[in-house]
Amino acid sequence: MKRVAQLQDLSREHQASLVIAKKIAEVARQGTEAELLESIETVKDYYEKELEVHFQHEERTIFAPIYKDYQDHIALATGLLKEHGFMRMLVPALKIETARKDLADFAEVLQNHTRVEERELFPLVESLFSKAQLDAVLNFVPLD
């Protein structure tokens, strides 16, 4: 999908998340215990190094303007924020005893969440946001 320049980095991150979600779902379906353990570590590492920053990026530069300036679309933003919260709660609680179900849940939510952002949220942002708002998305700097 062609994206405005300001959303291309987030869109590339979405493509990577779909690849990860597919791999995690496969391990959840038929992985060995060793593969499940490895996937738990993979998800935790991915969350810590990439996903949390991605969530903050969206929350501060996309969801905040929606809540402030485009209130007709709060329901979409709220649903996506709830999914951020679900993943934030699930990842630290991952353990081998419930890994098959929890990894499957994580993969499903990540995949569906990413698709909604790409198919619904980003086209909306492209059509509604001002150039200054889009530039804020592009120039986001995470807090330490």
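The structure presented is a predicted model; accordingly, all values stated were derived computationally and were not measured. Index from 1, following the sequence.
- Separating the CE atom in Met87 from the CG atom in Asp105 is a distance of 11.5 Å, to the nearest 0.5 Å.
- Using cut-offs of 30° and 60° on the angle between ring planes, the pair His84 and His113 is tilted.
- In this structure, the side chains of Gln15 and Val19 stay at 4.5 Å or more apart for every pair of heavy atoms.
- We find the NZ-CG distance between Lys95 and Asp102 to be 7.5 Å, quoted to the nearest 0.5 Å.
- Taking all atoms of both residues into account, the shortest heavy-atom contact from Pro65 to Arg60 is CD-O, 4.0 Å.
- Distance CD1/Ile24 to CZ/Arg29: 11.5 Å, rounded to 0.5 Å.
- A side-chain donor-acceptor contact under 3.5 Å links Glu35 to the backbone of Thr32.
- Leu121 shares a hydrophobic cluster with Val4, Leu7, Leu10, Ile62, Phe63, Ile66, Tyr67, Tyr70, Ile74, Leu76, Leu80, Leu81, Val116, Phe122, Leu124, Val125, Leu128, Phe129, Leu134, Val137; the chain of contacts runs through ILVMFWY side chains whose heavy atoms sit under 4.5 Å apart.
- For the atom pair OG1 (Thr98) and CG (Leu103), the distance works out to 8.5 Å, reported to the nearest 0.5 Å.
- The cluster map of Ile, Leu, Val, Met, Phe, Trp and Tyr, joined by side-chain heavy atoms under 4.5 Å apart, puts Ile20 and Leu90 in the same cluster.
- When all heavy atoms of Glu117 and Pro123 are compared, the pair lying nearest together is O-CD, 4.2 Å.
- With rounding to the nearest 0.5 angstrom, the CG atom of Leu94 is 11.0 Å from the CG atom of Leu37.
- Put simply, the side chain of Gln8 gets close to the backbone of Arg3: a donor and an acceptor are under 3.5 Å apart.
- For Leu138 against Ala5, the heavy-atom pair with the smallest separation is CD1-O, 4.2 Å.
- Phe86 is not connected to Val53 by any chain of hydrophobic side-chain contacts under 4.5 Å among Ile, Leu, Val, Met, Phe, Trp and Tyr, and they are in different clusters.
- No side-chain donor-acceptor contact under 3.5 Å links Glu83 and Asn112.
- A 6.0 Å sphere centred on CD of Glu38 holds no more than 12 heavy atoms belonging to other residues, nucleotides or ligands.
- Arg88 pairs by the salt bridge (Lys or Arg N to Asp or Glu O under 4.0 Å) definition with Glu52, Glu59, not counting sequence neighbours.
- Within 6.0 Å of the NZ atom in Lys23, the count of heavy atoms belonging to other residues, nucleotides or ligands does not exceed 12.
- Both Val91 and Val109 sit in one connected hydrophobic cluster of ILVMFWY residues. Membership requires side-chain heavy atoms under 4.5 Å apart, directly or through other members.
- Looking at every heavy atom in both residues, Ser39 comes nearest to Val27 through OG-CG1, 3.3 Å.
- Remark: Glu126 CD to Lys2 NZ distance equals 9.5 Å, nearest 0.5 Å.
- Summarising the local packing, CD of Gln71 is surrounded by more than 12 heavy atoms from other residues, nucleotides or ligands at distances under 6.0 Å.
- Closest heavy-atom contact between Leu110 and Ala21: CD2-CB, 4.1 Å.
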message: side-chain contact (heavy atoms from CB on, under 4.5 Å) for His54 and His14? Distances and angles first, verdict last.
response: CA-CA 9 Å; His54 180 91; His14 282 164; 3.1 Å; yes

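- No side-chain heavy atom of Glu48 sits less than 4.5 Å from a side-chain heavy atom of Lys44.
- Nearest heavy-atom pair across Ala104 and Ala28 is N-CB, 3.6 Å.
- Side-chain atoms of Asp45 never come within 3.5 Å of backbone atoms of Glu41 as a donor-acceptor pair (strictly under, hydrogens ignored).
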